[in-house]
Novice: 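One structure, as structure tokens, below. Some questions next.
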Amino acid sequence: QVQLVESGGGLVQAGGSLRLSCAASEGTFSSITIGWFRQAPGKEREFVGVISWIGTNTALADSLKGRFAISRDNAKTTVYLEMHSLKPEDTALYYCAGSRTVWPGRDLHEYYYWGQGTQVTGAS
């Protein structure tokens with residue numbers, strides 16, 4: 001069982017930056033594809049981005065390209081989500097999720113391991 005723990009959320013002014021971390025408990029983390037999702041109050045959970053197990057392939061939601069980036073450090077069993085030029089509409093609970101599927105993409109049903117989430121609030 002893989003346990004994922006997100007951290008790094010907080011309150012940030014519009015235009016600010018945050019880096020979220022997703023730390024895994026298991027040594028086989030390097031074979032797990034990690035995705036980021038977010039859920040705003042009253043809305044469905046939406047895809048943010050995904051990074052392959054080796055870190056060479058990434059994908060981001062079209063609306064977030066140019067502002068967000070994903071990276072991973074398998075030696076530290078951690079995946080990062082860099083967020084820049086934050087907007088109030090980025091306010092959400094951000095989750096990382098793990099999948100043993102080679103490329104689960106944006107389908108949240110392909111992800112089997114979920115963290116508890118970290119809150120990001122973009123102030124106007």
Novice: Tell me whether the count of non-hydrogen atoms from other residues, nucleotides or ligands lying under 6.0 Å of CD in Glu89 goes above 12.
Specialist: yes

Novice: Please determine whether residues Val5 and Tyr112 belong to a single hydrophobic cluster, defined as Ile, Leu, Val, Met, Phe, Trp and Tyr linked transitively by side-chain heavy-atom distances below 4.5 Å.
Specialist: no

Novice: If you look at every heavy atom in Thr78 and Ser21, which pair is closest and at what distance?
Specialist: CG2-CB, 4.1 Å

Novice: Around atom CD of Glu82, are there more than 12 heavy atoms from other residues, nucleotides or ligands closer than 6.0 Å?
Specialist: yes

Novice: Do the side chains of Val79 and Leu64 join up, straight or via other hydrophobic residues, at under 4.5 Å, putting them in one cluster?
Specialist: yes

Novice: With no hydrogens and no angle check, is any side-chain donor or acceptor of Asp90 less than 3.5 Å from a backbone partner on Ala14?
Specialist: no

Novice: So which heavy atom on Ala40 is nearest to which on Ala92, and how close?
Specialist: N-CB, 3.8 Å

Novice: Enter the distance from Leu60:CG to Ile51:CD1 here, rounded to the nearest 0.5 Å.
Specialist: 9.5 Å

Novice: Spell out, as yes or no, whether a donor-acceptor pair under 3.5 Å connects the side chain of Tyr95 to the backbone of Thr118.
Specialist: no

Novice: List the atom of Gly98, the atom of Ile32, and the distance in Å for their closest heavy-atom pair.
Specialist: CA-CG2, 3.7 Å

Novice: Using only atom types and a distance under 3.5 Å, with no angle test, would you say the side chain of Thr121 pairs donor to acceptor with the backbone of Thr91?
Specialist: no

Novice: Give, for atom CD1 of Ile34 and atom OH of Tyr80, the distance between the pair rounded to the nearest 0.5 Å.
Specialist: 12.5 Å

Novice: Of the non-hydrogen atoms in Ser85 and Arg67, which two are nearest, and what is the gap between them?
Specialist: O-NH1, 2.9 Å

Novice: Carefully, step by step, assess Tyr111 and Val50 under the rule side chain to side chain contact (heavy atoms under 4.5 Å, CB included).
Specialist: CA-CA 11 Å; Tyr111 293 84; Val50 58; 3.3 Å; yes

Novice: To the nearest 0.5 Å, what is the distance between CD (Gln116) and CD (Glu6)?
Specialist: 7.5 Å

Novice: Could you measure the distance from the CH2 atom of Trp53 to the OG1 atom of Thr33? Nearest 0.5 Å is fine.
Specialist: 9.5 Å

Novice: Consider only side-chain heavy atoms of I, L, V, M, F, W and Y, link residues closer than 4.5 Å, and tell whether Ile70 and Tyr113 are in one cluster.
Specialist: yes

Novice: Run the numbers on Met83 and Leu81 for side chain to side chain contact (heavy atoms under 4.5 Å, CB included), then give the verdict.
Specialist: CA-CA 6 Å; Met83 306 186 296; Leu81 178 66; 3.9 Å; yes

Novice: Checking side chain to side chain contact (heavy atoms under 4.5 Å, CB included) for the pair Phe47/Leu108: CA distance, chi angles, key distance, verdict?
Specialist: CA-CA 8 Å; Phe47 171 78; Leu108 59 84; over 6 Å; no

Novice: Which label fits Trp114 and Phe37: parallel for a plane angle under 30°, tilted from 30 to 60°, or perpendicular past 60°?
Specialist: tilted

Novice: Could you measure the distance from the SG atom of Cys96 to the CZ atom of Arg72? Nearest 0.5 Å is fine.
Specialist: 10.5 Å

Novice: Looking at OG1 of Thr101 and CG of Asp107, how far apart are the two atoms once the value is rounded to the nearest 0.5 Å?
Specialist: 9.0 Å

Novice: Would you kindly confirm whether Tyr94 and Val12 end up in one hydrophobic cluster when ILVMFWY residues are joined by side chain heavy atoms under 4.5 Å apart?
Specialist: yes

Novice: May I have all residue pairs that pass side chain to side chain donor-acceptor pair (under 3.5 Å) and include part of residues 8-20, sequence neighbours excluded?
Specialist: Ser17-His84

